[in-house]
Number of protein chains: 2
Amino acid sequence: MAVGRPRGFDVDERLDRALEVFWRQGYEGTALSDLTEAMGINRPSLYSAYGNKEELFRAVVLRYAEGPGGHLRAALLAPTARAVVERLLRGTVEVVTARDHGGCLFVQAALATGEQGGRPRDELASWRRSGELELRRRLQRARDEGDLPGDLDAADLARHVMTTSHGLAVQATHGATRAELDRVVELFLSGPPWAESPA
Amino acid sequence: MAVGRPRGFDVDERLDRALEVFWRQGYEGTALSDLTEAMGINRPSLYSAYGNKEELFRAVVLRYAEGPGGHLRAALLAPTARAVVERLLRGTVEVVTARDHGGCLFVQAALATGEQGGRPRDELASWRRSGELELRRRLQRARDEGDLPGDLDAADLARHVMTTSHGLAVQATHGATRAELDRVVELFLSGPPWAESPA
DNA sequence: CCCGTTCTGTACCTATCAGTACAGAAGTGT
DNA sequence: ACACTTCTGTACTGATAGGTACAGAACGGG
């Protein structure tokens with residue numbers, strides 16, 4: 001049995017190029033011609049390898065979650081609740097300020113969309129929620145281990161942390177530098193100047 | 001001199017309808033047909049009254065800044081730094097959870113865009129920066145008045161607050177409720193559970 | 001009442017959108 | 001070397017994007 005002409009490009013490598021485009025321009029801001037140009041392949045190759053624009057985006061998101069977005073999961077391995085939070089936020093700062101374009105794909109690629117961007121938008125929303133859920137479970141464990149006050153709601157703290165993480169991503173899109181965002185993390189960890197010691 | 005047929009609609013009222021659409025769908029996610037349909041006017045009327053899509057968007061943003069986005073400026077009038085911050089964040093929570101669609105126009109209408117959305121995106125970024133600047137000046141004054149520690153950088157605190165404000169807007173887009181976001185504000189104000197008293 | 005001016009509605013423009021048909025190129029297994 | 005399969009490149013599809021020409025409707029001033 002014959003096996004056919006082999007594909008002339010590496011699917012994962014070109015997926016990374018698509019990732020860059022979606023990251024910078026968002027789902028609806030990216031045209032197929034932007035993708036084929038950046039990926040160095042033509043339209044039928046794209047469709048045969050990835051399905052269509054929406055499925056390509058889904059593949060991109062998955063790759064982002066395992067690559068740049070992986071700092072969240074990594075942070076959960078830190079030994080204490082405070083260390084988890086610090087690693088998570090410092091990881092966020094690093095990712096959102098790494099490229100010339102700033103920000104986080106999960107946040108900016110499809111935050112508000114028209115009808116055709118509805119599915120990608122909902123999927124990103126789901127990714128954000130699931131990240132928060134993982135953090136919450138880790139903090140819950142910390143509380144069970146006595147690493148956090150017993151009267152503290154782990155869900156609230158997780159939401160607080162993720163709010164800042166997503167906010168850092170927004171800050172990066174309008175030009176905040178890494179040093180500036182690092183100071184945000186420090187202020188987060190130490191609390192506002194009027195903070196009192198925990199009861 | 002003749003004066004011509006009067007316009008058959010109220011420019012500001014229809015602008016509010018356009019605001020709703022851009023708020024929900026973002027700049028690039030909104031088609032002209034979405035706008036004309038929601039505004040109840042036809043294309044030539046839209047062009048003659050507002051210029052084009054980009055200028056209409058600019059008018060919408062201005063109106064947003066004076067309406068829903070006005071809570072920031074209002075918060076600056078509070079007497080103490082802490083009260084300013086609390087009012088600002090509580091105002092954010094209210095705005096981003098008010099409609100069935102969540103979020104903040106400044107954040108979500110054009111965060112990452114293609115080429116044609118570049119100007120709107122940059123303008124929103126500029127609005128976000130200028131909001132932070134106003135808060136920073138207010139906090140600077142608070143520090144001068146002894147309302148904040150002398151070694152505290154007002155720019156850092158302002159950035160910290162705006163990071164959370166923008167993060168709240170993102171949270172709202174994936175379904176966080178008002179009660180949940182209110183607890184984020186409370187955690188922000190009290191600091192994380194491991195916070196120590198300010199030196 | 002009627003002229004001049006401005007708005008409204010229809011119908012159209014070009015460009016671009018996502019997606020695909022089809023023919024030829026480039027391989028592999030026999 | 002040949003047959004079979006799969007990929008690549010060109011060229012196209014219908015739909016929709018933002019934007020506009022033009023004719024007629026609706027007013028105000030004289």
Side-chain angles (χ1 to χ4, degrees), chain A residues 1-15 17-18 21-22 24-61 109-110 112-121 123, chain B residues 1-15 17-18 21-22 24-61 109-110 112-121 123:
Chain A
M1 270 304 163
V3 118
R5 177 175 176 175
R7 188 167 275 137
F9 59 94
D10 182 84
V11 173
D12 284 340
E13 183 225 327
R14 305 303 169 107
L15 191 59
R17 304 202 206 171
V21 179
F22 277 127
R24 190 174 45 234
Q25 307 193 352
Y27 180 76
E28 286 182 330
T30 300
L32 234 40
S33 55
D34 295 329
L35 292 166
T36 54
E37 192 180 343
M39 299 169 83
I41 62 181
N42 47 35
R43 232 164 252 251
S45 298
L46 188 153
Y47 276 86
S48 102
Y50 307 97
N52 60 17
K53 187 186 176 185
E54 200 176 299
E55 293 177 52
L56 171 57
F57 182 73
R58 194 172 301 125
V60 155
V61 169
T113 70
E115 203 171 337
Q116 69 168 0
R119 292 253 298 264
R121 180 195 59 216
E123 279 171 20
Chain B
M1 270 304 163
V3 118
R5 176 175 178 178
R7 189 169 273 136
F9 59 93
D10 182 85
V11 173
D12 284 341
E13 184 225 326
R14 305 302 170 107
L15 192 58
R17 305 202 206 169
V21 180
F22 277 129
R24 189 173 46 235
Q25 308 193 352
Y27 180 76
E28 286 181 329
T30 300
L32 252 110
S33 54
D34 296 329
L35 292 166
T36 55
E37 191 180 343
M39 298 169 83
I41 62 180
N42 47 34
R43 234 164 249 253
S45 299
L46 188 152
Y47 277 85
S48 103
Y50 307 97
N52 60 17
K53 187 185 177 187
E54 201 175 299
E55 293 177 51
L56 171 58
F57 182 73
R58 194 172 300 124
V60 156
V61 169
T113 70
E115 203 170 338
Q116 71 168 359
R119 292 253 298 263
R121 180 195 59 216
E123 278 170 21

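Quick note on labels: first sequence line is chain A, next is B, and so on, each numbered from 1.
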Here the distance between atom P of D/dG18 and atom OH of B/Y50, to the nearest Å, is 17 Å
If you round to the nearest 0.5 Å, how far is CG of B/L56 from CZ of B/R14? 13.0 Å
In this structure, how many angstroms lie between the C1' atom of D/dG18 and the CD atom of B/E28, rounded? 13 Å
Starting at the 5' end of DNA chain C, which residue's closest nucleotide do you reach first, A/D34 or A/G51? A/D34
Given atom CG of B/L46 and atom C1' of C/dT8, what is their separation to the nearest angstrom? 13 Å
Short side-chain N/O contact from A/S45 to OP1 or OP2 of D/dC7, under 4.0 Å: no
To the nearest 0.5 Å, tell me how far A/E28 CD sits from B/T30 OG1. 8.0 Å
Are any of A/S33's side-chain N or O atoms less than 4.0 Å away from OP1 or OP2 of C/dC17? yes
Report yes if a side-chain nitrogen or oxygen of A/R5 is closer than 4.0 Å to either non-bridging phosphate oxygen (OP1 or OP2) of D/dT5; otherwise report no. no
Distance col, row B/L32:CG vs B/R43:CZ, nearest 0.5 angstrom, shows 5.0 Å
Rounded to whole Å, the CG-P distance (A/L32 to D/dT10) equals 17 Å
For A/Y47 and C/dC17, what is the distance between atoms OH and C1' respectively, to the nearest whole Å? 9 Å
Taking CD from A/E115 and C1' from C/dA18, how many angstroms apart are they, rounded to a whole number? 15 Å
Note: for B/G40 and B/G4 on DNA chain C, the residue whose nearest nucleotide lies more 5' is B/G4
Tell me which of B/P6 and B/Q116 sits closer to the 5' end of DNA chain D, going by the nucleotide each one is nearest to. B/Q116
Nearest heavy-atom neighbours spanning A/R121 and A/G114: NH1-O, 4.3 Å
Over-ring placement of A/K53 relative to A/F22, 6.0 Å and 45° cut-offs: no
Check whether B/Y27 reaches the backbone of B/G118 with its side chain - one donor and one acceptor, N or O, closer than 3.5 Å. no
Value in whole Å for how far the C1' atom of C/dT16 lies from NZ of B/K53: 13 Å
With heavy atoms under 4.0 Å as the rule, sort A/T30 into base, sugar-phosphate or nothing. sugar-phosphate
Looking only at heavy atoms, what is the nearest atom pair of B/R17 and B/M39, with distance? NH1-O, 3.6 Å
To the nearest angstrom, how far is A/F9 atom CZ from D/dC7 atom C1'? 9 Å
List every contact pair, protein side and nucleotides 10-13 of chain C side both N or O, where the distance is under 3.5 Å.
none

